Asker: 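Before anything else, here's the structure in question.
Source: prediction; values computed, not measured.
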Amino acid sequence: MKFEKEIIEGVQVIKPYGRIDSNTSHEFEEILNREIEPGRDVEIDFREAVYISSSGLRCLLGLRKRLGDDASIVFTHVNDVIMDVFEMTGFTDLFEVVRMDMNNPDTRVIFFDIDGTLLSHKSGSVPESTVRAIKKLQARGIKAVIATGRDLVEMEKLPLQGIKFDGYLTLNGNICLDENKKMFAGNEIAPDEVEVLVNIFKAGRIPFVLIGEKQRYINYVDDVVIQTQMSTHGTIPDIGEYHGEKIYQCLAFVNKEIRQKLDDLLDKCVITSWNDTGIDIIAKTGGKDAGIQKFLDREHITRSQTMAFGDGENDMAMLRFAGIGVAMGNGSDLLKRKADYVTASVDDDGIEKALLHFGLIEE
């Protein structure tokens, strides 16, 4: 039996291929027992699975029993045939199940990354086609929500063409704001991990940024910081000191070698790259997907009713979490391989073309 496994922002993702029945269930059970570690959340991605029989269902029940309540188990990209099985057997009551319906999506909210997705790095602006498409979405009652690694202060300095969004998930979903930019949920880094991060900040060996709810500050600025921020239309934080406030995200301007050292060092954080020399550091319990879930809980919307657009590594979990994940044509090769759909680039009206493809807007 063929399968793939990867870890995405702390979640163990298993993707089985083909039929899971009496001929393959023994191997499937071995895979689940061998590859899935207790205590970590699990996603089983059924997009390449064709069918599951009672033998396969028993494997999933065994996994649930083995993991207990210490980890969540989610089934994603479930086709109509397997969904019928899950509904008939009551698995939809036992597990969180996200249907795959790319032909006729029941989309109620769409989440948009900013840099390289809404905002073109070439033109430094949002294409007119994107502005037009978002207004059409909202006229149909479909919400448009930003999901960005930037904080609110920096985001508000960007030329977003005056678009009024229905929500703002900033700092990679770790600060969630409503349509009036009022915070309704947050996910701070654990205080004991913050102690280590503050020591890195104070040591001053690498350019390091601490970000709270209303402030962000850097320990020092060098050429790497300046060049990185210029390449992404970012602004440089003021040099400042830490005074004990809650920290929701950190930035570091480092090469791949230093990034790996930070990855190995930090037990309660995950790291994603947004540039060759720019990384985000957030709590393992956070991420754009976690922020999206908080928004969905607030609005009483299900995962299957969502779509997300992104272009970079820090959009991976968001695209996998959404009912339909769309990668921009200018996105990373890895993201495009993992997305449900790849559209044109931001400069080639990619957002509008994808929304037309899925029938969510009209010409």
Side-chain angles (χ1 to χ4, degrees), residues 9 110-131 133-134 144-163 165 167-175 177 209 211 216 218 224-237 248-254 259 271-282 286-289 291-292 307-319 322 325-336 338-339 342-352 354:
E9 296 194 4
I110 302 180
F111 298 90
F112 298 94
D113 172 54
I114 293 181
D115 296 281
T117 302
L118 288 174
L119 186 68
S120 165
H121 290 311
K122 291 182 179 179
S123 68
S125 63
V126 179
E128 290 183 10
S129 63
T130 298
V131 178
I134 290 175
V145 177
I146 277 181
T148 179
R150 294 182 186 261
D151 63 277
L152 180 61
V153 172
E154 189 176 37
M155 184 192 74
E156 289 186 322
K157 295 177 181 178
L158 296 173
L160 297 179
Q161 319 312 116
I163 303 172
F165 289 92
Y168 304 84
L169 309 181
T170 64
L171 298 181
N172 287 305
N174 290 297
I175 289 185
L177 310 169
V209 180
I211 306 178
R216 62 185 185 125
I218 193 169
V224 175
V225 175
I226 294 170
Q227 293 167 7
T228 303
Q229 294 299 76
M230 285 181 62
S231 69
T232 58
H233 303 281
T235 58
I236 297 175
Y248 292 88
Q249 179 169 297
C250 299
L251 308 182
F253 299 87
V254 296
R259 175 204 159 134
I271 296 176
T272 56
S273 297
W274 45 271
N275 185 275
D276 288 342
T277 50
I279 62 172
D280 293 329
I281 302 171
I282 63 172
K288 291 186 178 183
D289 54 335
I292 289 174
M307 182 180 290
F309 285 79
D311 72 302
E313 179 186 330
N314 66 342
D315 298 318
M316 182 80 72
M318 174 174 73
L319 264 60
V326 181
M328 304 300 293
N330 51 281
S332 71
D333 290 339
L334 176 60
L335 187 72
K336 287 190 280 190
K338 302 300 182 182
V342 179
T343 187
S345 73
V346 60
D347 295 294
D348 190 25
D349 306 325
I351 288 177
E352 183 179 57

Asker: Please name the pair of heavy atoms, one in T235 and one in E154, separated by the smallest distance, quoted to 0.1 Å.
Answerer: N-OE2, 2.9 Å
Asker: Mind checking the CG-CG spacing from L171 to L251? Nearest 0.5 Å is all I need.
Answerer: 8.5 Å
Asker: Determine the sole option in D113, I134, D311 for which the side chain to side chain contact (heavy atoms under 4.5 Å, CB included) test with L118 is passed.
Answerer: I134
Asker: To the nearest 0.5 Å, what is the distance between CD1 (I211) and CD1 (I281)?
Answerer: 10.0 Å
Asker: Hey, could you give me the CG/NZ distance between L169 and K288, rounded to the nearest 0.5 Å?
Answerer: 9.0 Å
Asker: Calculate, to the nearest 0.5 Å, the distance between atoms CE and CG belonging to M316 and L334 respectively.
Answerer: 3.5 Å
Asker: Evaluate side-chain contact (heavy atoms from CB on, under 4.5 Å) for L319 paired with K338, printing each intermediate quantity in order.
Answerer: CA-CA 8 Å; L319 264 60; K338 302 300 182 182; over 6 Å; no
Asker: Can you name the closest pair of heavy atoms from I282 and G286 and give their distance?
Answerer: CD1-C, 3.9 Å
Asker: Using every non-hydrogen atom in the two residues, find where G116 and M328 come nearest and quote the distance to one decimal.
Answerer: O-CG, 3.8 Å
Asker: So, applying side-chain hydrogen bond (donor to acceptor under 3.5 Å, both in side chains) with N172, which one of D315, D280, T148 is it?
Answerer: D280
Asker: Going by side-chain contact (heavy atoms from CB on, under 4.5 Å), name the residues that satisfy it together with D333, two or more places apart in sequence or in a different chain.
Answerer: K336, R337
Asker: Testing the basics here: between A339 and G325, what is the closest heavy-atom pair and its distance to 0.1 Å?
Answerer: CB-O, 3.6 Å
Asker: Which residue, S120, S129, S123, forms the side chain to side chain contact (heavy atoms under 4.5 Å, CB included) with V346?
Answerer: S120
Asker: Which distance, rounded to the nearest 0.5 Å, do you find between the CD of E128 and the CG of D349?
Answerer: 9.5 Å
Asker: Evaluate the side-chain contact (heavy atoms from CB on, under 4.5 Å) criterion for residues Q249 and D151: first the C-alpha distance (whole Å), next the side-chain angles of each, then the deciding distance (0.1 Å), finally the verdict.
Answerer: CA-CA 9 Å; Q249 179 169 297; D151 63 277; over 6 Å; no
Asker: Taking all non-hydrogen atoms of both residues into account, name the closest pair between N275 and S231 and its distance.
Answerer: ND2-OG, 3.3 Å
Asker: Compare all side-chain heavy atoms of L152 with those of L177 and state whether any distance is below 4.5 angstrom.
Answerer: yes
Asker: Look only at the side chain of T343 and the backbone of G350, and say whether a donor-acceptor pair between them is shorter than 3.5 Å.
Answerer: yes
Asker: Count the heavy atoms of every other residue, nucleotide or ligand shown that sit under 6.0 Å from CD of E156, and state whether that count exceeds 12.
Answerer: yes
Asker: Take V153 and K157 through the test side-chain contact (heavy atoms from CB on, under 4.5 Å) and record every step on the way to the result.
Answerer: CA-CA 7 Å; V153 172; K157 295 177 181 178; 4.2 Å; yes
Asker: Go through the structure and list residues passing ring pair (Phe, Tyr, Trp, His ring centres under 6.0 Å) with F112, not counting sequence neighbours.
Answerer: F309
Asker: Kindly state each residue pair satisfying salt bridge (charged side-chain N to carboxylate O under 4.0 Å, His left out) with at least one member in residues 226-235, sequence neighbours excluded.
Answerer: none
Asker: Could you state the interatomic distance from CZ (R150) to OG1 (T232), rounded to the nearest 0.5 Å?
Answerer: 5.5 Å
Asker: Identify the two heavy atoms, one from Q161 and one from S125, that lie closest to each other, and give their separation to 0.1 Å.
Answerer: OE1-CB, 3.9 Å
Asker: Heavy-atom distance under 4.5 Å between the side chains of V145 and F165, does that happen here?
Answerer: no
